[in-house]
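Chain naming here is simple, since letters A, B, ... match the order of the sequence lines and numbering starts at 1 in each.
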Amino acid sequence: MAKKPQTKDSGLPTRAEDYSAWYQEVVRVAELAEHSAVRGCMVIKPYGYALWENIKANLDARFKATDPPHQNAYFPLFIPKSFLQKEMEHAEGFALECAVVTHHRLTTDDDGKLIPDPESKLSEELIVRPTSETIIGESFSKWVNSYRDLPLLINQWANVVRWEMRTRLFLRTAEFLWQEGHTVHADAEDAERESLQMLEIYRSFAEDTMAMPVIVGRKTESEKFAGADHTYCIEAMMQDRKALQAGTSHNLGQNFARAFDITYLSKEQKQELAWTTSWGVSTRLIGGLIMTHGDDAGLVLPPALAPVHVAIIPIRCKKDEDRAAAERFLAPLLEALRSKAFHGRALSVEVDYGKDRPGAKHFAWEKKGVPLRVEVGPRDIEQGQVVYVKRTHGGKQTLSREAFAERILDLLGEIQGELYERARSFRDEHTVCLDDRAAFDAFFTPRNPDAPEIHGGFVRGGWCGDASCEAEVKDALRVTIRCIPIEGELAEPFSGACVACGRPALAGQPRVIWAKAY
RNA sequence: CGGAGAGUAGCUCAGCCUGGUAGAGCGCUGCGUUUGGGACGCAGAGGUCGCAGGUUCGAAUCCUGUCUCUCCGACCA
């Protein structure tokens, strides 16, 4: 393992020193996940999984709250190879990273070692799902008969496997957890409406719940999902100024309906080919959360998703009578706090009666990103007050016990807002409009190529629309077009030149977002 | 999958060059003293040195193979 530089404050490498080491240490010290014995796969630990459960609960409610609502279902982990064969463009997109099941039984060889039983070779190999369009398409072709069956709006929460060569906890693992929505529509307009509706849910979840600002856009041909007509996405900027695709929504057109014969009888008594969409977000969002809000002291969590909202650290609680006094003082406070809810979730409050000294407890909860830490000592009990520290600022404040209980939702709301604002100004500070290739190259080139410092960001620049131009930039600088913005000022048409080649930018298209990406 | 680095206690690492049978700090357990931002004393537990072969009287150390992780590329949510 590479040597990890340490700072004496937090024991963590700093982001500026070594961003990658910082990320990995935050995942470790916050007890989110660890590497498993299986190559490329992670163990998600209870605190990390609690975060995922909160993400899941929030999104699940949003999916079910649409009109008409989406419903959850579950489809098999294994996909017959022939299903992938039916939509080759899609299959080719995943071919390089598929796990293939070839046998269904083990036996022992002459040395007593376990081997796949040659007698048990499958007549048709099974692919561990890298995504489920094909197997769900097969079901949908049976479920959809009439225009009355449409729209069909299904989501599944599942694990998927993509045999990645290079993995990083949460950001890219061979197996990951996600949700994948799959829908069927009577016409192109309704499918388009659906893919945009789900994109908007992702945007508001990212911004309102994760406090992570995103750019809403469309992928270029070369970046879109294989098999889709077009792909929408939300793109966020991490603190190393690289882009993270945080969610995607695909309008699949009639590609999968054609491959899997998803047809319906219309009102006009005609057999019609349906239109489908798919959309998903994954445990990668947790990586995004870490890299959007984390600081050199560790994880920082938005209150809307934090597994623990408030950590209470009693001072002097080892002796029975001291602990009893603390418990008596805290009982009404805990009751008041736990009866409240933030972003639809009851407040989670932990009292740390552990053996460590108070300072050690502060550091531990700070590393875990808990939004508010509260300190209650004998002096506070005497005066009926609590001392609290916001994770976003660190200064100690004092409030009466009752006032704190009354203010709690405001405090959490302030933290939620501060995190969003901080992330948005960071992104805006590192987003530039450029029209000149030399400036573009300089922007994306580190001063020290041997140990690249954090550099670059988002460039808003013109694009001629030519894929070979994209390829040339990617080859030269590892910079790609993250998206073509479709919302707000960013989506205003641009009539200048392509920042890469100087030819006129595509008419009616806005400046596109160029960046290095995860 | 290419290039580079690294696998020794839960974590961070020393020991390897020059072979002689396992170390430190932190963490963990017990007892005591402590407790308002990483406490201290005493006593303990914990490692077939990534794995498999080989050389040797003897391997953490030398050789071969293999697996895994990290970083940089290619590919990708």
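Remark: aromatic rings of A:F225 and A:H230 are distant, center separation not under 6.0 Å. Aromatic ring centroids of A:W279 and A:F63 lie under 6.0 Å apart.
Using a 4.0 Å heavy-atom distance criterion, A:S282 is classed as a base contact. Residue A:V160 is classed as having no contact, given no heavy-atom separation below 4.0 Å to the nucleic acid. Within 4.0 Å of A:L171, counting heavy atoms only, lies at least one base atom of the nucleic acid. A:V281 comes within 4.0 angstrom of no nucleic acid atom, judged by non-hydrogen atoms across all strands. If you check every strand for non-hydrogen atoms under 4.0 Å, A:K355 touches sugar and phosphate atoms only.
To the nearest whole angstrom, the two P atoms, one in B:C51 and one in B:A59, are 15 Å apart. For the P atom pair drawn from B:A60 and B:G54, the interatomic distance equals 15 Å after rounding to whole Å. Here, B:G47 and B:C13 have their C1' atoms 14 Å apart, quoted to the whole Å. Straight-line distance between the P atoms of B:A24 and B:G65: roughly 35 Å, to the nearest whole Å. Comparing B:U35 with B:C40, their P atoms sit 14 Å apart, to the nearest whole Å. Comparing the P positions of B:U48 and B:A22 gives a spacing of 12 Å, expressed to the nearest Å. Nucleotides B:A4 and B:U29 place their C1' atoms 42 Å apart, quoted to the nearest Å. Rounded to the nearest Å, the gap between the C1' atom of B:G19 and that of B:C63 is 13 Å.
Counting atom types as modelled, A:R357 pairs no side-chain N or O with a base atom of B:G38 as donor and acceptor under 3.5 Å. A donor-acceptor contact under 3.5 Å is formed by the side chain of A:D380 with the base of B:G36. Between the side chain of A:R28 and the base of B:G10, no donor-acceptor pair under 3.5 Å is found.
Side-chain contact of A:T392 with A:E418: a donor-acceptor pair under 3.5 Å is present, judged by distance alone.
Across every non-hydrogen atom of A:N155 and A:G181, the tightest pair is OD1-N, 3.5 Å.
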